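Here's the structure, in structure tokens; my notes come after.
These figures come from a predicted structure and were not determined experimentally. In what follows, every chain begins at residue 1, and chains take the letters A, B, ... in the order their sequences are listed. Worth knowing before you read on, the calculation uses all heavy atoms, side chains too, and leaves out hydrogens, waters and symmetry mates.
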Amino acid sequence: MSKEITSRSVDFSKWYNDIVVKAGLAEHSSVRGCMVIKPYGFAIWEKMKSILDARFKATGHVNAAFPLLIPKSFLSKEAAHVEGFAKECAVVTHYRLKNAEDGSGVIVDPDAKLEEELIIRPTSETIIWNTYKNWIRSYRDLPLLINQWANVMRWEMRTRLFLRTSEFFWQEGHTAHATKQEAIDETEMILKEYANFMENYIGVPVIKGVKTESERFAGADNTYTTEGLMQDGKALQMGTSHFLGQNFAKAFDVKFQTKEGGLEHVWATSWGVSTRLMGALVMAHSDDKGLVVPPKLAPIQVVIVPILGKKMNAKLDLLQAAVDNIKGQLDGVSVKYDGDDTKRAGFKFAEYEMKGIPLRIAIGPRDLDNGTVEIARRDTQTKDTYSIDNVGDTVRQLLEEIQNSLYQKALDFRKSHTTKVDTFDEFKEVLNGKGGFVYAHWDGTAETEAAIKEATKATIRCIPLDNEQEEGVCVFSGKPSKQRVLFAKAY
RNA sequence: CGGGGUGUAGCGCAGUCCGGUUAGCGCACCUGUUUUGGGAACAGGGGGUCGCAGGUUCGAAUCCUGCCACCCCGACCA
């Protein structure tokens with residue numbers, strides 16, 4: 001057994017790391033804080049991308065690409081923005097290397113110092129709004145609905161594969177609108193798209209809500225979020241959508257002429273999801289045998305493994321016919337046939353379980369005699385024998401069942417890990433016990449929020465949208481409160 | 001940036017305290033034979049600047065000095 005995975009119950013972090021590495025999703029690179037996303041991991045990310053990209057386009061957005069490097073001065077134009085990001089920016093100071101005179105290798109050429117340093121984008125609002133200034137003149141240029149798929153860099157102190165790396169991949173939408181309401185509508189529309197994707201594709205139920213001021217994106221008037229719950233009872237912010245007000249329009253002086261001839265600053269949004277979603281996928285569904293990939297995101301949905309050997313050697317023609325038969329019935333399903341005769345079937349079973357392939361079809365000599373196949377579900381680890389004649393229908397139905405069942409399981413988990421509390425003792429007890437989401441009354445002040453974080457490490461994940469209004473008192477300060485907010489320990 | 005730990009074959013490790021054959025083990029890899037319905041067995045084989053740089057010594061993976069890298073735990077964050 002060369003590929004043992006640390007059990008979730010022993011060490012959740014180690015378990016997570018083991019899955020990511022051993023399922024072939026990603027590994028640490030030689031660059032501190034940066035990972036290599038391996039082909040299998042990237043294939044899943046590509047599926048996420050193509051689904052999201054289609055939705056962005058269906059809702060009127062187009063893709064573009066803006067520079068990786070941003071003049072340092074741009075960042076400082078929006079006060080809150082610079083405050084939020086300055087501490088984690090990588091800075092380019094020179095544009096040339098040269099050989100050291102003592103032959104010790106290559107060094108930075110001190111004569112090639114940049115007049116203005118460039119930062120590697122931690123996010124692109126500034127370079128984009130600097131550009132939008134030139135693109136927007138009239139109300140007829142609006143709305144401007146642009147997305148970019150890009151990598152960004154934030155110099156993190158501590159990193160974890162997919163969940164927090166210095167460089168990460170994401171999409172960032174940046175839109176400009178003529179009215180405040182239109183920008184808010186855009187922000188909320190995207191949030192719904194995100195939630196839909198997370199629930200129906202990744203299979204993770206999410207709470208939609210708005211962030212408190214202290215958790216808000218640097219430069220936003222309002223930040224909307226989708227919060228998922230992982231198997232260890234910690235929350236993961238899976239996507240955010242920001243209403244930027246006129247902050248960037250004012251900082252970069254982006255005005256448009258109205259129909260009536262007036263001159264006004266435009267209203268903005270930005271929104272993004274990142275490769276962090278890969279982490280959510282892992283932590284929501286996987287088990288001690290490895291990764292579990294929801295069928296809709298699986299690069300390979302079905303793997304066919306023949307049971308090779310002496311008995312099978314006499315029936316290779318029949319095997320080929322059976323494989324062709326199965327593949328013929330699975331048009332539109334992603335199928336891999338693994339006829340590698342240097343590895344044994346048992347080895348392959350374990351390997352594909354590690355990689356989370358939703359369905360495995362095994363065909364042995366007995367199956368060929370009986371006109372059957374054995375189909376194993378990755379999620380439930382159950383095996384059953386089915387007739388080969390309608391394997392297409394069977395597979396399609398099972399894939400759908402798996403997709404639904406993963407979501408349902410995650411939903412059940414969330415239900416059993418969501419607690420309403422009315423006292424601070426209860427609050428601490430739940431967080432130190434089973435964890436999960438905690439709904440509690442909060443007096444609405446940043447001081448209380450900070451004090452609770454200090455005392456429990458839990459933060460306000462969001463104030464849920466359409467939140468039930470209910471009179472109560474803050475669990476911490478005892479001051480009056482009109483609603484419960486969502487607390488959790490978070491990634 | 002603080003605390004802890006680790007650097008020896010692709011991966012995981014032993015050896016380091018107490019210096020001394022040709023640096024060893026498991027997995028992986030290559031060749032062959034027998035196998036093949038849940039990670040095959042046997043036989044043979046290839047693969048090493050012992051993190052880097054100095055120093056001590058007849059002799060250094062091992063002792064000394066300096067440096068570097070990475071991982072884990074905290075503070076910051078999607």
Side-chain angles (χ1 to χ4, degrees), chain A residues 1-6 11 13-14 16-18 21-22 27-35 83-89 104-105 122-123 151-172 194 211 214-218 220 223 225-228 235-242 270-280 289-290 305-313 339-354 360-370 372-374 376 381 383 385 453-454 457 459 461 490-491:
Chain A
M1 297 274 187
S2 63
K3 292 211 169 177
E4 287 216 348
I5 295 176
T6 307
D11 186 335
S13 294
K14 242 187 201 149
Y16 172 81
N17 227 4
D18 282 353
V21 172
K22 289 176 180 168
E27 62 189 34
H28 289 284
S29 72
S30 325
V31 184
R32 194 204 79 105
C34 297
M35 64 178 167
E83 172 83 14
F85 285 105
K87 294 187 293 289
E88 49 191 30
C89 286
S104 61
T123 178
N151 55 344
V152 291
M153 176 160 276
R154 297 179 188 176
W155 209 265
E156 299 291 349
M157 296 180 195
R158 233 189 108 205
T159 60
R160 294 195 60 190
L161 294 170
F162 287 120
L163 297 173
R164 183 172 306 107
T165 45
S166 287
E167 181 189 23
F168 60 92
F169 292 79
W170 74 347
Q171 56 72 215
E172 45 179 329
Y194 282 166
K211 288 289 188 186
S214 63
E215 297 271 334
R216 203 173 279 163
F217 175 76
T223 285
T225 178
T226 48
E227 298 285 328
L236 182 71
Q237 177 175 307
M238 292 173 64
T240 50
S241 180
H242 314 291
S270 69
W271 28 274
V273 295
S274 73
T275 37
R276 174 177 254 200
L277 291 179
M278 295 287 294
K289 284 199 160 185
V305 178
I307 311 297
L308 300 172
K310 206 174 264 174
K311 286 183 207 151
M312 189 54 108
N313 284 340
D340 184 349
D341 62 2
T342 66
K343 294 191 179 77
R344 311 179 103 220
F347 179 87
K348 293 177 194 173
F349 291 175
E351 202 63 21
Y352 290 119
E353 275 159 12
M354 180 79 74
R360 177 185 74 234
I361 301 181
I363 311 176
R366 284 205 302 274
D367 290 307
L368 292 176
D369 294 340
N370 301 336
T372 57
V373 294
E374 180 194 80
Q381 295 177 48
K383 299 191 278 201
T385 302
K453 183 179 178 183
E454 174 71 27
K457 291 189 176 162
T459 50
R461 301 320 302 153
Y491 277 97

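Among the atoms of the strands shown, none is found under 4.0 Å from any heavy atom of A/Thr223. Note on A/Leu163: a base of the nucleic acid sits closer than 4.0 angstrom, heavy atoms only. Counting any heavy atom pair closer than 4.0 Å across all strands shown, A/Asp341 reaches no nucleic acid atom. Within 4.0 Å of A/Thr240, counting heavy atoms only, lies no atom of the nucleic acid at all. In this structure, A/Arg360 reaches the bases: a heavy-atom distance under 4.0 Å links it to at least one base atom across the strands shown.
The separation of B/U16 from B/G51, taken at their C1' atoms, amounts to 15 Å, rounded to a whole angstrom. Between B/C29 and B/G12, the two C1' atoms lie 16 Å apart (nearest whole Å). Across the C1' atoms, B/C18 and B/U22 are found 23 Å apart, a figure rounded to whole Å. Only the P atoms considered, B/G4 is 28 Å distant from B/G19, to the nearest whole Å. Here, B/G20 and B/G66 have their C1' atoms 27 Å apart, quoted to the whole Å. Atom name P, nucleotides B/A75 and B/C67: the rounded distance is 29 Å, in whole Å. Separation of the P atoms belonging to B/C30 and B/C64 is 42 Å when rounded to the nearest angstrom. The separation of B/G7 from B/U49, taken at their C1' atoms, amounts to 15 Å, rounded to a whole angstrom.
In the interface, the side chain of A/Lys383 is paired with the base of B/G38 through a donor and an acceptor atom under 3.5 Å apart. For A/Arg344 against B/G37, no side-chain N or O and base N or O form a donor-acceptor pair under 3.5 Å. For a distance-only test at 3.5 Å, the side chain of A/Glu353 qualifies as a donor-acceptor partner of the base of B/G38.
Nearest-nucleotide assignment on RNA chain B puts the 5′-proximal partner with A/Val373, out of A/Thr165 and A/Val373. Nearer the 5' end of RNA chain B, as judged by each residue's closest nucleotide, is the contact made by A/Arg366, out of A/Arg366 and A/Glu215.
Remark: A/Thr459 OG1 to A/Lys211 NZ distance equals 6.5 Å, nearest 0.5 Å. Note that the CD atom of A/Glu215 and the NZ atom of A/Lys453 stand 6.0 Å from one another [nearest 0.5 Å]. Here the CZ-OG1 distance, from A/Phe217 to A/Thr225, works out to 13.5 Å after rounding to the nearest 0.5 Å.
Between A/Phe169 atom CZ and B/A78 atom P there is a gap of 19 Å when expressed in whole angstrom units. A/Lys453 has its NZ atom 8 Å from the P atom of B/A75, to the nearest Å. Rounded to an integer number of Å, the gap from A/Gln171 CD to B/A78 C1' is 12 Å. Between the NZ atom of A/Lys211 and the C1' atom of B/A78 there is a distance of 10 Å, rounded to whole Å. Atom P of nucleotide B/A78 and atom CZ of A/Phe85 are separated by 7 Å, given to the nearest angstrom. Counting to the nearest Å, the P atom of B/A78 and the CG atom of A/Leu236 are 12 Å from each other. One interatomic measurement links the two molecules: NE2 of A/His28 to P of B/U6, which rounds to 18 Å at whole-angstrom precision. Across the protein-nucleic acid pair, A/Asp18 atom CG and B/C11 atom P stand 16 Å apart, rounded to whole Å.
With B/A78, B/U36, B/C76 as the choices, the nucleotide that has an atom nearest any side-chain atom of A/Phe168 turns out to be B/A78. Checking B/G39, B/U36, B/C71 against every side-chain atom of A/Glu351, the shortest atom distance belongs to B/G39. Taking only side-chain atoms of A/Lys457, from C-beta outward, the nucleotide of B/A75, B/C76, B/A78 with the closest atom is B/A75. Closest to the side chain of A/Phe349, out of B/G39, B/G38, B/C72, is B/G38. Among the nucleotides B/G39, B/A78, B/U36, the one closest to any side-chain atom of A/Lys310 is B/U36. Listed nucleotides: B/G39, B/C72, B/G37. Nearest to the side chain of A/Asn17: B/C72. Side-chain proximity of A/Met157 to B/C76, B/G39, B/G37: nearest is B/C76. For A/Ala350, the side-chain atoms get nearest to B/G39 when compared with the rest of B/G37, B/A78, B/G39. Minimum atom distance to the side chain of A/Arg154 is reached by B/A78, of the listed B/G39, B/A78, B/U36. Side-chain proximity of A/Gln237 to the nucleotides B/A78, B/G37, B/C71 is greatest for B/A78.
Under the Watson-Crick or G-U wobble criterion, with both distances below 3.5 Å, B/C1 is paired with B/G74. Using Watson-Crick or G-U wobble geometry with both donor-acceptor distances under 3.5 Å, B/C42 finds its partner in B/G32. For B/G59, there is no paired base (Watson-Crick or G-U wobble, both distances below 3.5 Å). The partner of B/U6 is B/A69, judged by Watson-Crick or G-U wobble contacts that both fall below 3.5 Å. When both pairing distances are held under 3.5 Å, B/C13 makes a Watson-Crick or G-U pair with B/G24. Shown here, B/C50 forms no base pair; nothing in the strands shown gives a Watson-Crick or G-U wobble contact with both key distances under 3.5 Å.
When all heavy atoms are compared, the tightest approach of A/His242 to A/Thr240 is NE2-OG1, 3.4 Å. Nearest heavy atom pair, residue A/Val273 against residue A/Met238, reads CG1-O, 3.7 Å. A/Ala345 and A/Ile307 get closest at one heavy-atom pair: CB-CD1, 3.7 Å.
Applying side-chain contact (heavy atoms from CB on, under 4.5 Å) to A/Pro122 and the options A/Met153, A/Arg154, A/Lys87 leaves one that passes, A/Arg154.
A/Lys348 contributes a side-chain N or O that, together with a main-chain N or O of A/Asp340, makes up a donor-acceptor pair within less than 3.5 Å.
With a 6.0 Å cutoff to the six-membered ring centre and a 45° limit on the axis angle, A/Arg276 does not count as a cation-pi contact of A/Phe168.
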